[in-house]
Amino acid sequence: MRAQSSATAPSGIAVGGQETGGHGRSSGTLQAALGVVAFSLTFPATAWGLEGFGPWSLIAVRSILAAVIAGGCLLALRVPLPERRHRAGLAVVGAGVVLGFPLLTTLALQTSTTAHAAVVVGLLPLTTALFSALRVGTRPSRTFWLAALAGAAAVIAFTVQQSGGALTSADAYLFAALLVCAAGYTEGGRLARVMPGWHVIGWALVLCLPLTVPMAAVALSFEPVRLTAHGVTGLLWVAVGSQFLGLVVWYRGMAAIGIPKASQLQLAQPLLTLVWSVLLLGEHLTVAAPLTAAAVLVCIAVTQRARG
């Protein structure tokens, strides 16, 4: 297959197969919002998946299922291989979004509630905005940095209070997940400006197969599998809904409206996950969880305004 070409176009013309005019921005907002809804269900679905699969098996199998779907679509539509200059960026997306974030958060959810994880990962829009600022070379204002530090302080105070005075291994996994996912989101949003968003996540999933297939073989041989309704449903959602379809609409949305505006929509994700944790998992929320999530929301809103 020939390498995929990219082209720039004036405002209002399709770039990488996506519209950039007023209609394109409205469509981009809707798609980014759908991505947020899909992502808000990831932690509850992961908790369900862990009822039937070990953590390493769940991560490997979800990535393989998503890659099979993505690869089938790429093959059926005869999508050309990505250009060589885009492959390093796709590797970052794969390392951060396909492998790093799912693995680290799944390991965290073995000992953490989904509500706790949702509050910590509520810093993801802020972390993504920071990575975006560094990646494109902008200089955020002092207000941006003050709000960013306030949001981080609120989450750290919450995690320390919840864990009895010290950070736990689950918190370490979650903070590491923030970094790798923000890098993957930022690089994916950049690539989605020059190639369709579903190509970005599709190729990233396919590129990870040489790692995920052996990983699945080893993990399934050591970790017991119990095929329960919750376990299978959770696996299918994180594979199809979160790992593929959610990222397809998310990257398309970021390409249409920009990474900072898309991350504004993600402000609702922690609060949505708190709702799902109660409705689907029966978790009981402490007062600190919604209050911290709201505080982080305010801090991130300030950073977005400060970025202009």
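What you see is a predicted model; the values in this text were computed from it and never measured. Residues: numbered from 1 along the sequence shown.
Residues L74 and V200 are members of one and the same hydrophobic cluster, defined by side-chain heavy-atom contacts under 4.5 angstrom among Ile, Leu, Val, Met, Phe, Trp and Tyr. A continuous path of ILVMFWY side-chain contacts below 4.5 Å connects L205 to V240, so both sit in one hydrophobic cluster. W198 and V97 fall within a single hydrophobic cluster, where Ile, Leu, Val, Met, Phe, Trp and Tyr are joined by side-chain heavy atoms under 4.5 Å apart, directly or via other members. By the rule that hydrophobic residues join a cluster once side-chain heavy atoms approach within less than 4.5 Å of another member, V120 and L41 end up as members of one cluster.
Annotation: side chain of S242 is in contact with side chain of R62 (closest heavy-atom distance under 4.5 Å). Taking the side chain as every heavy atom from C-beta outward, D171 and T168 approach each other to under 4.5 Å. No side-chain heavy atom of E187 sits under 4.5 Å from any side-chain heavy atom of F131. Contact of the Q243 side chain with the V238 side chain is not registered, since no non-hydrogen atoms from C-beta on lie closer than 4.5 Å. Side-chain contact check for L247 versus Y185: some heavy-atom pair is nearer than 4.5 Å.
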Under 3.5 Å donor-acceptor pairs involving side-chain atoms of residues 43-54, not counting sequence neighbours:
residue	atom	partner	partner atom	Å
T46	OG1	T42	O	2.8
E51	OE1	H230	ND1	3.3

Enumerate, atom names and distances included, each donor-acceptor pair closer than 3.5 Å involving a side-chain atom of residues 99-111, sequence neighbours excluded.
residue	atom	partner	partner atom	Å
T105	OG1	F101	O	2.7
T105	OG1	P102	O	3.3
T106	OG1	P102	O	2.6

Can you give me every donor-acceptor pair (side chain of residues 274-289, partner residue at least two apart or in another chain, under 3.5 Å) with its distance?
residue	atom	partner	partner atom	Å
W276	NE1	S40	OG	2.9
S277	OG	L274	O	2.6
E283	OE1	T114	OG1	3.1
E283	OE1	A115	N	3.2
E283	OE2	T114	N	3.1
E283	OE2	T114	OG1	3.0

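For G246 against V249, the heavy-atom pair with the smallest separation is O-CG2, 3.2 Å. Of all heavy-atom pairs spanning A66 and A239, the tightest one is CB-O, 3.3 Å. Contact record, P214 with L211: CD-O, 3.4 Å, taken as the closest heavy-atom pair. Residues V225 and L220 come closest through the heavy atom pair CG2-CD2, 3.8 Å. Nearest heavy atoms, T292 versus A154: CG2-O, 3.7 Å. Among all heavy-atom pairs drawn from G71 and V206, the shortest one is CA-CG2, 4.0 Å.
None of L58, L65, I59 except one satisfies the side-chain contact (heavy atoms from CB on, under 4.5 Å) rule with V61; the exception is L65. When L75, L81, L77 are each tested for a side-chain contact (heavy atoms from CB on, under 4.5 Å) with V79, only one passes: L77.
Listed by chain and number, the residues in a side chain to side chain donor-acceptor pair (under 3.5 Å) with T127 amount to none (sequence neighbours excluded). Under the rule for a ring pair (Phe, Tyr, Trp, His ring centres under 6.0 Å), the partners of F39 that lie at least two apart in sequence or sit in another chain are W250.
Side-chain heavy-atom separations under 4.5 angstrom define the hydrophobic clusters, and the remaining members of the one that includes V218 are F222.
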Verdict with supporting geometry, I201 and V98, side chain to side chain contact (heavy atoms under 4.5 Å, CB included): CA-CA 8 Å; I201 187 58; V98 176; 4.0 Å; yes
Residues W203, M195; criterion side chain to side chain contact (heavy atoms under 4.5 Å, CB included); working and verdict: CA-CA 11 Å; W203 285 119; M195 59 195 298; 4.1 Å; yes
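Atom CZ of residue R87 and atom CG of residue L191 lie 12.5 Å apart, to the nearest 0.5 angstrom. The CG atom of L174 sits 11.5 Å away from atom CG of L124, with the distance rounded to the nearest 0.5 Å. One finds the CG atom of L34 at 10.5 Å from the CG atom of L245 (value rounded to the nearest 0.5 Å).
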